[in-house]
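Before any comments, here is the structure.
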Amino acid sequence: MHIEERIKVILPDEDEYLLGFADLRNMVDEKYKGHDFCIVIGKRLDNQIMDSIAQGPNMDYFDHYHETNRKLTEISEKILKELKEENISCILIKPTLRDEELDNNHLKTLTCDFSHKMAATRAGLGWIGKTDLFVSERFGPRLRLVSILVNHPLEYSKTPVTQSRCGSCTLCVEECPASAGNGKLWNVGVKREEFFDAFACRKKCRELSHKLLNKEISLCGICMSVCPIGK
Ligand code: B12
């Protein structure tokens with residue numbers, strides 16, 4: 001069985017997960033050099049919980065966020081084991097980073113050295129929405145992502161998505177409490193700063209997390225909740 005097929009078998013439930021393979025040659029940071037191919041997994045978020053955060057985050061969402069990260073990491077570790085048995089060198093890019101894992105530059109740029117969303121568009125799984133969320137056809141933005149970089153070419157069944165499919169919808173832009181999006185449609189040539197203010201988003205996420213959860217973290221999710229795709 002091909003490695004792609006063996007990875008599919010590891011995913012517990014097709015209704016809950018998206019799987020894609022991306023060619024990221026010339027797109028990964030120097031630090032990941034030689035690992036130019038990528039396995040991207042999206043885990044669907046619970047619809048009831050996502051519907052419940054249209055006005056801001058709650059404790060169910062907080063718990064679900066951690067549980068989803070845990071499940072994605074668990075599945076990724078099974079895949080890593082399979083890859084290592086095939087002598088394929090691999091690097092896991094975790095779903096998120098804890099504050100203590102962030103480098104000094106992060107707070108100045110709000111940018112990590114690897115974008116799961118970029119990997120997901122290159123894998124042909126979806127596009128970037130008007131408030132900078134990755135939007136898939138199947139689950140909309142209601143998912144969390146994890147990526148595994150490998151040094152082994154993969155078989156790509158889908159072509160990369162290079163432009164937004166949001167059309168004239170502006171719901172996430174209107175509902176964002178930070179007014180972080182300006183409504184411009186994304187394509188691969190458009191930089192985040194041209195359509196989305198990540199600093200305003202983070203500030204509002206922290207205000208809402210403090211007020212509604214009494215926690216010093218950056219949770220919100222209103223843009224994910226209001227998107228009509230995947231509801
Ligand atoms: C830093 C960070 C933040 C920052 C900055 C957010 C931002 N939009 O940049 C803050 C703290 C504000 C934040 C907030 C949130 N975050 Co956050 N965050 C991250 C993190 C750790 C890094 C993102 C990053 O480096 N951004 C830098 C910019 C440049 O890259 P980008 O945003 O990923 O997207 C650009 C590229 O992908 C590019 N692109 C896409 N395809 C292609 C193809 C080519 C060829 C090229 C050249 C470029 C390109 O287009 C995008 C716009 O320019 C990621 C995890 C990760 N490692 O990816 C999670 C992540 C983006 N966050 C996530 C979530 C869910 C949230 C929140 C909803 C909070 C919450 N959990 O309740 C909010 C919503 C933010 C929003 N609307 O975007 C999810 C998004 C899921 C989704 N459906 O999109 C991620 C992917 C975590 C995960 N594992 O699922 N986050």
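We count ligands from 1, going down the list as the structure has it; atoms in each ligand are counted the same way. Please read all numbers here as calculations on a predicted model, not as lab measurements.
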Suppose we screen for side-chain contact (heavy atoms from CB on, under 4.5 Å). Which residues come up paired with E137, at least two apart in sequence or across chains?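 Listed in chain order: W127, R165.
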Please list, chain by chain and in numerical order, all residues satisfying side-chain contact (heavy atoms from CB on, under 4.5 Å) with K31, sequence neighbours excluded.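 Residues passing side-chain contact (heavy atoms from CB on, under 4.5 Å) with K31: D29, D113.
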Distance-only check: which donor-acceptor pairs under 3.5 Å involve side-chain atoms of residues 220-231, not counting sequence neighbours?
unit_1	atom_1	unit_2	atom_2	d
S225	OG	M50	O	2.6
S225	OG	A54	N	3.4

Answer yes or no: is there an ion pair linking [X] with [Y], defined by an N-O contact shorter than 4.0 Å?
| X | Y | result |
| --- | --- | --- |
| R142 | D51 | yes |
| E74 | R70 | yes |
| K8 | E5 | yes |

Can you tell me which residues line ligand 1 if we count any heavy atom under 4.0 angstrom from one of its atoms, in chain and number order?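 Residues within 4.0 Å of ligand 1: Y61, Y65, P95, H106, L110, T111, C112, F114, S115, H116, K117, M118, T121, R122, I128, T131, D132, L133, F134, P141, L143, R144, L145, W186, V188, V190, K191, R192, F195, F196, A198, C201, R202, S218, L219, C220, G221, C223, M224.
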